[in-house]
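Working notes, structure below.
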Amino acid sequence: MEIGILDIQGDVSEHENILESLGVRVRRVRRASDLETVSGMLIPGGESTVIGSIMAMRGIPDRIIQKKIPVMGTCAGLILMSKDVEGGKSVLPLLDVSIQRNGYGSQRESFEADLDVEGIGKFRGIFIRAPKIKRVGRGKVLSTFGGDAVMVSDGKNLGLTFHPEIYGDSRIHKLFLEGL
Ligand code: GLN
């Protein structure tokens, strides 16, 4: 199985190492034509406005939707795959959630927390200028923090407000792969 990682910004090699450790081939996606052979797609964190405009310019969101490629989005990746972004526009409307960018505050308010993730158990989440999920429409909440959803799935798509890749823990990536 081949999985694409959007290679515009963020922890591309960290995600790549985790996916390869789980036995899948990784394709770094820079343009729409890189999507031809992938069975799933990972969108890392970074700056969603920058990633979103580059992606859109290159026709990547349209191709993901046409080919119905399942997406796992972390942090900015989740913002990009949300149907409703407060004060912004949706780039790849796959998850029926409303998002507030930087909902936990500025860079200084970044934090780590022990989360309880359905199907996984305890997981150390790193929230870096993280978005807050304000509403979940269709979909299943897999983890919460302070009363707010921090991980949501809908079918094969999976979105999380935190970074799962920093400590090299592969369990959330594995969950995504198992759903494909
Ligand atoms: N604050 C960033 C944004 O709004 C997301 C931060 C992240 O991906 N760690 O795009």
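Order of appearance sets the numbers: ligands from 1, and atoms from 1 within every ligand. Counting from 1, the numbers follow the sequence of the chain as shown.
Grouping the Ile, Leu, Val, Met, Phe, Trp and Tyr side chains by contacts below 4.5 angstrom, directly or via other members, places V71 apart from F176.
Looking only at distances, a side-chain donor or acceptor of S90 sits under 3.5 Å from a matching main-chain atom of S82. In this structure a side-chain-to-backbone donor-acceptor pair under 3.5 Å is missing from T161 to C75. Without hydrogens or angle criteria, D34 side chain to R31 main chain gives a donor-acceptor distance under 3.5 Å. In this structure a side-chain-to-backbone donor-acceptor pair under 3.5 Å is missing from R63 to S33.
Look at R129 and E47 and you find a salt bridge, because one of the NZ, NE, NH1 or NH2 atoms lies within 4.0 Å of a carboxylate O, short of that distance.
When each atom of ligand 1 is checked for a heavy atom of G45 under 4.0 Å away, the hits are 8 (O). For ligand 1, the atoms sitting less than 4.0 Å from at least one non-hydrogen atom of G46 are 2 (C), 5 (C), 6 (C), 7 (C), 8 (O), 10 (O), numbered in the order shown with element in parentheses. Counting atoms of ligand 1 from 1 in the listed order, those under 4.0 Å from a heavy atom of S48 are 3 (C), 4 (O), 10 (O). Distances below 4.0 Å separate heavy atoms of N102 from the following atoms of ligand 1: 1 (N), 2 (C), 4 (O). Within ligand 1, the atoms closer than 4.0 Å to a non-hydrogen atom of I79 are 3 (C), 4 (O), 10 (O), numbered from 1 in the order shown. Near I128, the atoms of ligand 1 lying under 4.0 angstrom from a non-hydrogen atom of the residue are 6 (C), 7 (C), 9 (N).
For atom 3 (C) of ligand 1, the nearest non-hydrogen atom from the set Q100, Q9, R101, R129 belongs to R101.
Between M55 and L80, the closest side-chain pair of non-hydrogen atoms falls below 4.5 Å.
Residue contacts with ligand 1: H163 is placed with a nitrogen or oxygen under 3.5 Å of a nitrogen or oxygen of the ligand (distance criterion only).
Of the protein's heavy atoms, C75 SG, 2.8 Å lies nearest to atom 7 (C) of ligand 1.
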